[in-house]
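Working notes, beginning with the structure itself.
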Amino acid sequence: MTRFRFGAAIALTAGIAALVQSQPLQPGGKPPVQFKQFGGMQGQFFQSSVSRWTGQLALDLEAVKTDVAAAKLTPAQKKAINTQVDNALLQTVGLDQLVRRGAGKDKLFAAFSDVEKSLGSLAATINKAPAAKQATAGSLGRAEISFHQLAAALGAGDNDPTRGKRRLIRLAESIDDNTEDLRILVGELIGGNDRTLERVLGSYAREARLLSRRVRDDADAELIKATYLAMVDRWSEAVTLFGRLRVVPPAIQNQSVRVDGLHRRMGTLLNLSPSPANPNPIPLPPNGKRFAFAVGADTGAHPRVTVFADGKGTVAHNFLAYDKNFTGGVRVDMADLNGDGAPELVVAPGPAKVKVALPVRVFDGRDMNLLVEFIPFQNWTNGLHVAALDLMRDGRSVVAVTAEGTQHVKVFDLAQGKEIDSFFVHDQKVTGGVRLGWGDVNGDGTPDLLTVNGPSTNMVTTVKVFNGKNREVLAEFPAVDNKYRGGAFIAGADVTGNGQANPVIGLDAGAVPLVRVFDTKGKVLVEWLAYDERFRGGVRVAMSAQSHVVTAPGLGLKGSPVRVFHTGRLKAPLSEFVPFAGFDGGLFVGGR
């Protein structure tokens, strides 16, 4: 399977650096919205972007050690591999520390070179033992992907031709290797008489090899561009064929995600604009549009986030949203904020003892690259709640944020890189804060803001819906009755199929794990217990792409299982799975 190349090269032709930038198109033929960095955050954004991938690479290397421990290897073989893993971890952590200290580019690239050499030594050691190579194929393959993403994040704005050429050659070779692995998986897991998909993947891999050779030989920039555009055609053809399959095995889907990420990274490195002969965007990987929701670990755990590709628990992405030492929990939501067809992941920090406010972060839905980050409430360290919605018809990329324990909500447009609204849901004296969601409640085509207050000492738990056009109150009613003050969580989902969102709430800790779906007048349409009635840790809610309701428990339920419900069939969940093995703490969930 994967060959794990971490090779080097020499000078880059000047023509490659002159190619103009581009992005994949939106489904309607428009380029995706580019987010504007918020004022004063540019330097921090570079550090965050690089640390995103040093952290991911470290996680992947730890996974390699886990795979080695379970493999049938001699003690000497395990020791030799683990020594190389530890060295790679040491170099990765060293690079991360330099980035966080704001070191100069020369020091950073020198440290990155050490990371590259250590990964090369690790791959060489693993390749000496066939059993080790087989056991670590998945984890070391993920480490290779993280390495390329790290190279791209570190190289943002870097015009050094030598380093640029090295990145291109490494990436083309990785595309070749990973595509060949995908072709083998298709043959093994799908098979059949029709080998068209395998042939197309083989053609795509050959184009990648050709691009690598042409870059290495300092070919003309236009020739390199033409080679990549040929790769675009082949990959688009392959994904179209994937889309015709009735069932895509998880192993194939995961590998296709890897190839897709590498393919788009190549386009970014080449700075290629859409060609008139290639007007279509690079498609999403198989099943990429069908289902998406994220789960974040609550207080007391590392800031782990997992994005799921379907309702059965197939993992699309798994990473740390903040520094691994942060234990305040991660609140999550998903929405297609830039209009490229893939829902972005939005995360916000929970409360923790930190010296400075942590930002809200938005990650690319295709490969979890950091797109933008911003601090909505200066000097606020007591936690945030966040809700995002799909790209608006008027081009706005909207995210709403509230400060934990307050009634203050701010709305931000990422396309403009600025705050566009600020208001209080209830009187400022109301305790307990609010939780947020979006949904087109009145059916006018503009999403409306759904709110419900948290546990309060002086107010009944109340659902309140604000018109997305003018902030007029569209609905206001008690979540339970005129006595319950225990708080709730909220989402919006069209569970009736009439094109209008229904408020969906899950009761907070201290109450039974009740989920309710309302109409706009406060009438309960359906309700059920998401977990055993004896559980009192609270239930958090989100929606899926099919308007199924996804639930996650608060603190105190063994395994902290996530459940997916069809509101028309509530005798049992459609599916249940454990996002974080061995973790019994609370979870936050967000979907699109």
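Numbers for residues simply follow the sequence, beginning at 1. Quick note: numbers below take in every heavy atom, side chains included, and nothing from hydrogens, waters or symmetry partners.
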Here the gap from Glu237 atom CD to Leu197 atom CG, rounded to the nearest 0.5 Å, amounts to 9.5 Å
Which residues satisfy the side chain to side chain contact (heavy atoms under 4.5 Å, CB included) test with Ser203, sequence neighbours excluded? Arg206, Arg234
Checking Phe326 now: which residues fulfil ring-ring contact (aromatic ring centres under 6.0 Å, His included) with it, not counting sequence neighbours? Tyr322
Return yes if some donor-acceptor pair links the side-chain N/O of Gln37 with the main-chain N/O of Leu371 below 3.5 Å, else return no. yes
Is a donor on one side and an acceptor on the other found under 3.5 Å between the side chain of Thr314 and the backbone of Asp310? no
By salt bridge (Lys or Arg N to Asp or Glu O under 4.0 Å), Lys128 pairs with (sequence neighbours left out) none
Value rounded to 0.5 Å, distance of CG in Asp340 from CG in Leu391: 9.5 Å
Considering only heavy atoms from C-beta outward, does the side chain of Leu414 approach that of Val33 to under 4.5 Å? no
Residues two or more places apart in sequence or in another chain: which of them pass side chain to side chain contact (heavy atoms under 4.5 Å, CB included) with Leu90? none
Please enumerate all residues that pass ring-ring contact (aromatic ring centres under 6.0 Å, His included) together with Phe319, with sequence neighbours excluded. Phe363
How far does CD of Gln84 sit from CG of Leu89, to the nearest 0.5 angstrom? 11.5 Å
Flag side-chain contact, heavy atom, 4.5 Å: Leu270 against Lys225: no
So how far is it from Arg216 CZ to Leu168 CG, rounded to the nearest 0.5 Å? 11.5 Å
To check you understand the geometry: which heavy-atom pair defines the closest contact between Leu189 and Ala251, and what is its length? CD1-CB, 4.0 Å
Contacts of Ala151 meeting side chain to side chain contact (heavy atoms under 4.5 Å, CB included) (sequence neighbours excluded), chain-then-number -> Phe112, Arg167, Arg170
Qualifying residues under side chain to side chain donor-acceptor pair (under 3.5 Å), relative to Arg396, sequence neighbours excluded: Asp394
For Val550 versus Met543, what's the shortest heavy-atom pair and its separation? CG2-C, 4.3 Å
Do Asp260 and Ser256 get their side chains close enough for a donor-acceptor pair, meaning under 3.5 Å? no
Taking it one step at a time, do Asp218 and Lys165 satisfy side-chain contact (heavy atoms from CB on, under 4.5 Å)? CA-CA 9 Å; Asp218 292 330; Lys165 181 171 182 177; 3.0 Å; yes
Please determine, by modelled atom types, if Arg100 and Gln47 share a side-chain donor-acceptor pair under 3.5 angstrom. no
Residues forming a side chain to side chain donor-acceptor pair (under 3.5 Å) with Trp53, sequence neighbours excluded: Asn369
In sequence, state the C-alpha distance, the side-chain angles, and the governing distance for Met266 and Leu211, and then conclude on side-chain contact (heavy atoms from CB on, under 4.5 Å). CA-CA 10 Å; Met266 175 65 77; Leu211 188 146; 3.8 Å; yes
Kindly state each residue pair satisfying salt bridge (charged side-chain N to carboxylate O under 4.0 Å, His left out) with at least one member in residues 44-59, sequence neighbours excluded. none
Contacts of Tyr204 meeting ring-ring contact (aromatic ring centres under 6.0 Å, His included) (sequence neighbours excluded), chain-then-number -> Trp235, His263
State the CG-CZ distance between Leu57 and Phe147, to the nearest 0.5 angstrom. 8.5 Å
If every non-hydrogen atom of Val248 is compared with every non-hydrogen atom of Phe242, which pair is closest and at what distance? CG2-O, 4.1 Å
Regarding Ser146 and Gln56, is there a side-chain donor-to-acceptor distance under 3.5 Å anywhere? no
Would you kindly say whether Ser48 and Glu373 are connected by a side-chain donor-acceptor distance under 3.5 Å? yes
For Pro579 and Phe308, which heavy atoms make the closest approach, and how far apart are they? CB-CZ, 3.9 Å
For Ser118 and Asn87, the nearest pair of non-hydrogen atoms, with its separation, is CB-ND2, 3.5 Å
Short question: side chain of Asp336, backbone of Asp390 - any donor-acceptor pair under 3.5 Å? no
Would you say Val578 and Val562 make side-chain contact, with heavy atoms under 4.5 Å? no
Ionic contact status for Arg258 with Asp181, cut-off 4.0 Å: no
Would you say His302 has more than 12 foreign heavy atoms packed within less than 6.0 Å of its NE2? no
Any donor-acceptor pair under 3.5 Å linking the side chain of Asn127 with the backbone of Ala123? yes
Do Leu337 and Val398 have side-chain heavy atoms sitting under 4.5 Å apart? no
Taking side chain to side chain donor-acceptor pair (under 3.5 Å) as the definition, give me every residue that meets it alongside Thr92, ordered by chain and number, with sequence neighbours left out. none
Rounded to the nearest 0.5 Å, what separation is found between the CD atom of Glu116 and the OG atom of Ser121? 10.5 Å
Tell me if a side-chain donor or acceptor on Ser212 pairs with a main-chain N or O of Ala208 at a distance below 3.5 Å. no
Return the set of residues passing side chain to side chain donor-acceptor pair (under 3.5 Å) with Thr125 (not counting sequence neighbours), or none when no residue passes. none
Asp333, Asp364, Val372 screened by side chain to side chain contact (heavy atoms under 4.5 Å, CB included) with Glu344, the one that passes: Asp364
Would you indicate whether the side-chain heavy atoms of Ser397 and Phe35 approach each other to under 4.5 Å? yes
Nearest heavy-atom contact between Gly187 and Arg195 is CA-NH1, 3.8 Å
Side-chain heavy-atom pair Arg304, Leu320 within 4.5 angstrom cut-off: yes
Around Lys36, counting heavy atoms of other residues, nucleotides and ligands shown, do more than 12 lie under 6.0 Å from its NZ? no
Determine whether Arg244 and Leu241 satisfy the following criterion, side-chain contact (heavy atoms from CB on, under 4.5 Å), listing intermediate values before the conclusion. CA-CA 5 Å; Arg244 295 175 183 172; Leu241 292 171; 3.7 Å; yes
Strictly distance-based, threshold 3.5 Å: is any side-chain N or O of Gln255 a donor or acceptor partner for the main-chain N or O of Asn178? yes
Would you tell me whether Asp67 and Thr136 have side-chain atoms, one donor and one acceptor, within less than 3.5 Å of each other? no
Would Thr227 and Arg214 count as a side-chain contact (heavy atoms from CB on, under 4.5 Å) here? Give the steps. CA-CA 9 Å; Thr227 308; Arg214 286 175 172 172; 2.6 Å; yes
Do side-chain atoms of Lys65 reach the backbone of Val85 as a donor and acceptor pair under 3.5 angstrom? no
With a 4.5 Å heavy-atom cut-off, do Val386 and Val399 have their side chains touching? yes
Below 4.5 Å, heavy atoms only, C-beta onward: do Thr54 and Val99 meet side chain to side chain? no
